[in-house]
Every structure is written in C-alpha cells, then in structure tokens.
There are 2 protein chains.
Amino acid sequence: MRRDIFQAIADPTRRAIIALIAMQAMTPNAIAAHFDTTRQAVSKHLRILSECELIDQQQNGREIYYQLKIDKIKEIDQWLEPFRKLWEDRFENLDRYLANIQKNKN
Amino acid sequence: MRRDIFQAIADPTRRAIIALIAMQAMTPNAIAAHFDTTRQAVSKHLRILSECELIDQQQNGREIYYQLKIDKIKEIDQWLEPFRKLWEDRFENLDRYLANIQKNKN
DNA sequence: AATTTGCGAAACCGAAAAGTTGCGCATATA
DNA sequence: TATATGCGCAACTTTTCGGTTTCGCAAATT
C-alpha cells in the first residue's frame, strides 16, 4: 500500500471529511450523515486518513471521535514551497515590469 | 473522468515530472530518461497533466516541449488556505501560552 | 437478560488507473 | 527516396480504488 498524504487528499470525499473534522472531532456516523454514503464507506476513508496520520482518534464509550491532525497538512505546504517561490518570482517580475511602464509613460 | 488537480498530483511519478519541468520545458523522451519507465507511460502522465491544465506544450519540429503552468499549482495553495489559518492560530496560542508562562514564573 | 446502537474488519464487485505493446504519422537524416 | 527518430493514440492487462454487504464485538438502553 502506497498511502501517502497526496493520495489521501486525492479523493474529494476525503477532502470533505478533512474539512469537516478540522474544527471539531466527529464520529463516523456523524460524518456519514453529511454525505450520500454509508458509514462503512466513511469508515474506510477514515482508515486511510489514519494510515497517513492525517487524523487522530479518541474513544469515548462506544463512540470514536476522529479529529484532524493539522500538522500533517503542513507537509503539503512544504511540498508547495519551491513552487511558491516560482510564482512569487513571477509576480515580482510583473511588478517590476509595471513599475517600469509607470516610469516611462508620458 | 474525474481529473482534478488533486488526483493529478496523487501519483508520485507525476509529482516528479512536475518538479522536473518546473524550471525548463522538456520533451517526453528527455523526461522519460529520468525515470525507470517508458516514454509512452510518461506520455500518458503528460496527457493527464494536460487535461488538468497543469502543463503547457509547445511544438518545435517533431519535438514537443512540455512546461509547467505554475499558476495552476496555486489552486492547491488556495485549498490549503483555511487550514493554514488553523495552524497559524495554534501557533499564536502556543505563543500566548509561552508568554503567559514567562510572565507568571518565579 | 434481551435488544439496540456504534463501530471496525473482511469479502466481494464494478469502475478506474497505471503500465505495456503495437501502430501510424510527421519530421528529420542518410 | 529510404531509414531513423519523436511523438500521440488505441488496445489490452494487471492492479488499485471506492463502495456495498455481511459479520462480530462491545457498549448502551430497555
């Protein structure tokens, strides 16, 4: 099983789950209620997210609350980092370009 | 075909291709030389990246140069935005917490 | 004690993905 | 003009994925 974070966020349902539990921990049933799918399907997604260490779980009686591990999301941000440099550079170039036009007009 | 950007970057080979052509445009053969796979496989990945509008192509004789469309990568950054708020908030809380400890010590 | 509820795990299924092979076309090169 | 090269496309195969169904277990509820 490959199971990395990029594969985890590839599925739209999983992204929705991530967004859902970002603010507060939720049980599988509560999560499933937000989607047009069964609890078992959600459970499977939660398992994948767990394997990627994107979520935490906390048992409370027979209920299990799942919660986002926000730090893990940072890994995507880190992957993005070098690319961000690229588009910031391009923005600066545009900036300079515009400044130049400004200077030379009239 | 689902074909969104998140699915596009889910594959490790495609992420490698993206990183490879970020700085300079490359032909399929040149790209394939960097991996342990055939040109056709790379071609397929390029096709997917094209469908997601993650890359550009420019024909030069019988060679086709593929190049990253850096702007599209921003979409991931945008998705990340609300989560970034979360971990920045947490950082600020930690900051306040530490400041508090500092204040109350001795 | 019997029943309901919340859950994970396993078995199964159809659809999609990733890679290979073979082809044809266009552009170079001999 | 004949041959080699760079490429995309289509057919095919194997693997993976997302979902459903079924099951068993533990914790609540009656």
Self-check item: Minimum heavy-atom distance between Leu68(A) and Leu54(A), given as atom pair plus value
Solution: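 What the structure gives for the nearest pair is CD1-O, 3.3 Å.
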Self-check item: Closest non-hydrogen atom pair, Glu51(B) against Arg3(B)
Solution: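 Shortest heavy-atom contact: OE1-NH1, 3.0 Å.
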Exercise. Kindly indicate whether the side chain of Lys44(A) and the base of dG8(C) share any N or O donor-acceptor pair separated by less than 3.5 Å?
Key: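 Under the 3.5 Å cut-off, the side chain and the base do not form any donor-acceptor pair.
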Quiz item: Among all residues two or more places apart in sequence or in another chain, which pass the side-chain hydrogen bond (donor to acceptor under 3.5 Å, both in side chains) test with Asp56(B)?
Solution: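 Partners of Asp56(B) by the side-chain hydrogen bond (donor to acceptor under 3.5 Å, both in side chains) criterion come out as none, since no residue qualifies.
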Quiz prompt | With Glu75(A) via side-chain hydrogen bond (donor to acceptor under 3.5 Å, both in side chains) - residues at least two apart | solution =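 Scan of Glu75(A) (side-chain hydrogen bond (donor to acceptor under 3.5 Å, both in side chains), adjacent residues dropped) gives Lys72(A).
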Quiz prompt | Sorted by number, the residues of residues 21-41 of chain A with heavy-atom contact under 4.0 Å to DNA chain D | solution =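 Only Thr37(A), Thr38(A), Gln40(A), Ala41(A) qualify.
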For [X], which residues count as a side-chain contact (heavy atoms from CB on, under 4.5 Å) partner, sequence neighbours excluded?
{"X": "Asp71(B)", "answer": "Arg90(A), Lys74(B)"}
{"X": "Lys44(B)", "answer": "none"}
{"X": "Lys85(A)", "answer": "Glu81(A)"}
{"X": "Gln40(B)", "answer": "Thr38(B)"}

Quiz prompt | Rounded distance (Å) that lies between atom C1' of dG8(C) and atom CG of Leu46(A) | solution =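 Spelled out: CG on Leu46(A) to C1' on dG8(C) is 11 Å.
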Quiz prompt | Value in whole Å for how far the C1' atom of dC17(D) lies from CZ of Phe6(B) | solution =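 Distance check: Phe6(B) CZ to dC17(D) C1' gives 19 Å.
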Practice problem: For DNA chain D, list all stems, counting runs of three or more consecutive pairs where every pair is Watson-Crick or G-U wobble with both distances under 3.5 Å. | Solution: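 Consecutive-pair runs (3 or more) involving DNA chain D: C:1-30 with D:1-30.
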Quiz item: Could you give all pairs that pass the ring-ring contact (aromatic ring centres under 6.0 Å, His included) test and reach residues 48-82 of chain B, with sequence neighbours left out?
Solution: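 Found Phe6(B)-Trp79(B), Trp79(B)-Phe83(B).
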Give the table of side-chain donor-acceptor pairs shorter than 3.5 Å for residues 13-33 of chain A, with sequence neighbours excluded, one pair per line with atom names and distance.
residue  : atom : partner  : partner atom : Å
Arg14(A) : NE   : Ala8(A)  : O            : 2.7
Arg14(A) : NH1  : His45(A) : ND1          : 3.1
Arg14(A) : NH2  : Gln7(A)  : O            : 3.2
Arg15(A) : NH1  : Ile9(A)  : O            : 2.7
Arg15(A) : NH1  : Ala10(A) : O            : 3.2
Thr27(A) : OG1  : Ala30(A) : N            : 3.3

State whether [X] places a side-chain N or O below 4.0 Å from either non-bridging phosphate oxygen (OP1 or OP2) of [N].
{"X": "His45(A)", "N": "dG19(D)", "value": "yes"}
{"X": "Ser43(A)", "N": "dC7(C)", "value": "no"}
{"X": "Arg47(A)", "N": "dA9(C)", "value": "yes"}

Are there any protein N/O atoms within less than 3.5 Å of an N/O atom in nucleotides 27-30 of chain C, and if so, which ones and at what distance?
residue : atom : partner  : partner atom : Å
dT27(C) : O2   : Arg62(B) : NH1          : 2.9

Self-check item: Listed once per pair and sorted, the salt bridge (charged side-chain N to carboxylate O under 4.0 Å, His left out) pairs that draw on residues 18-42 of chain B, sequence neighbours left out
Solution: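 The answer is none; no pair qualifies.
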